[in-house]
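Heads up: the structure comes next, in structure tokens.
Count residues from 1 along the sequence.
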Amino acid sequence: ITLWGPRGEINDYAAKQWAGLVNDYYLGRWARFVDDVQTAATRGVAFDDAAFAAAILARDIAWDASHNTTHWTAAASGSQVAESARLTADFASMPAGFVARPGYRVASSNRLYQTPTLTRDVASIGVLCAADPHCAGFSSDGYFAARGASLTPSSTATFFGRN
């Protein structure tokens with residue numbers, strides 16, 4: 001249920017959010033991801049997705065070998081309501097350092113990434129932009145701006161630039 005393929009290279013093909021797997025398998029991955037992103041941001045360098053994928057594959061192969069006979073309980077632990085409230089509070093407000101410019105969006109030629117974020121919640125997008133040292137700002141339509149990006153008028157979007 002974790003790794004598939006002759007070398008484990010088909011990751012999460014049959015991913016399951018089962019009791020135990022989230023805390024034991026996926027938590028370790030997320031902790032490594034957050035640590036790697038924070039390290040890259042602190043150093044002012046881009047997140048190295050290839051190095052992360054290689055490290056996670058090695059970790060997951062070792063995890064599979066050491067957990068072949070693990071059995072987890074089906075009983076839930078903790079409070080989903082309390083944890084959801086805590087996470088919402090962490091991401092509910094815009095990080096400091098952004099100035100809103102209503103009526104503008106990032107010009108398509110100056111987008112840091114060509115795909116928008118999956119959320120349109122500006123506080124959440126702000127958290128993502130603040131964590132990326134290459135992000136100079138973002139539009140409420142989910143696009144990040146590269147440094148020196150030009151803006152285009154918009155009747156539906158607001159641009160949030162870093163101070």
Nearest non-hydrogen partners of L118 and R120, listed with the distance | C-NH1, 3.8 Å
D36 CG to R32 CZ distance, which is reported to the nearest 0.5 Å | 4.5 Å
Heavy-atom check, side chain of R111 versus side chain of F144, under 4.5 Å = no
Shared ILVMFWY cluster between F98 and Y113, side chains joined below 4.5 angstrom?
-> yes
At what distance, to the nearest 0.5 angstrom, does CZ of F159 lie from OG1 of T152?
-> 10.5 Å
Common cluster, L27/F33, ILVMFWY with side-chain heavy-atom separation under 4.5 Å | no
Working to the nearest 0.5 Å, report the span between SG of C135 and CD1 of I125.
-> 10.0 Å
Once the angle between the rings of F160 and F138 is folded into 0 to 90°, is it parallel (under 30°), tilted (30 to 60°) or perpendicular (over 60°)?
-> parallel
Which heavy-atom pair separates R105 from D141 by the least distance, and what is that distance?
-> NE-OD2, 2.8 Å
Separation between OG of S109 and CD of Q114, rounded to the nearest 0.5 Å | 8.5 Å
Among the clusters formed by ILVMFWY side chains lying less than 4.5 Å apart, do F52 and V37 turn up in the same one?
-> yes
From T39 atom OG1 to D48 atom CG, the distance as rounded to the nearest 0.5 Å | 12.0 Å
Minimum-distance pair of heavy atoms, taken over all atoms of A157 and S140 = CA-OG, 3.3 Å
Yes or no on side-chain contact (heavy atoms from CB on, under 4.5 Å) for V122 and T158, after CA distance, side-chain angles and deciding distance?
-> CA-CA 9 Å; V122 294; T158 297; over 6 Å; no
Taking all atoms of both residues into account, what is the closest heavy-atom pair of N110 and V106, and its distance?
-> O-CG1, 3.7 Å
For the pair R29 (side chain) and D60 (backbone), establish whether a donor and an acceptor sit closer than 3.5 Å, ignoring hydrogens and angles.
-> no
So how far is it from Y143 OH to L112 CG, rounded to the nearest 0.5 Å?
-> 13.0 Å
Could you pull out the closest heavy-atom pair between P95 and A123, with the gap in Å?
-> CD-O, 4.1 Å
Where is the tightest heavy-atom contact between P133 and A40, given as atom of each residue plus distance?
-> CG-O, 4.4 Å
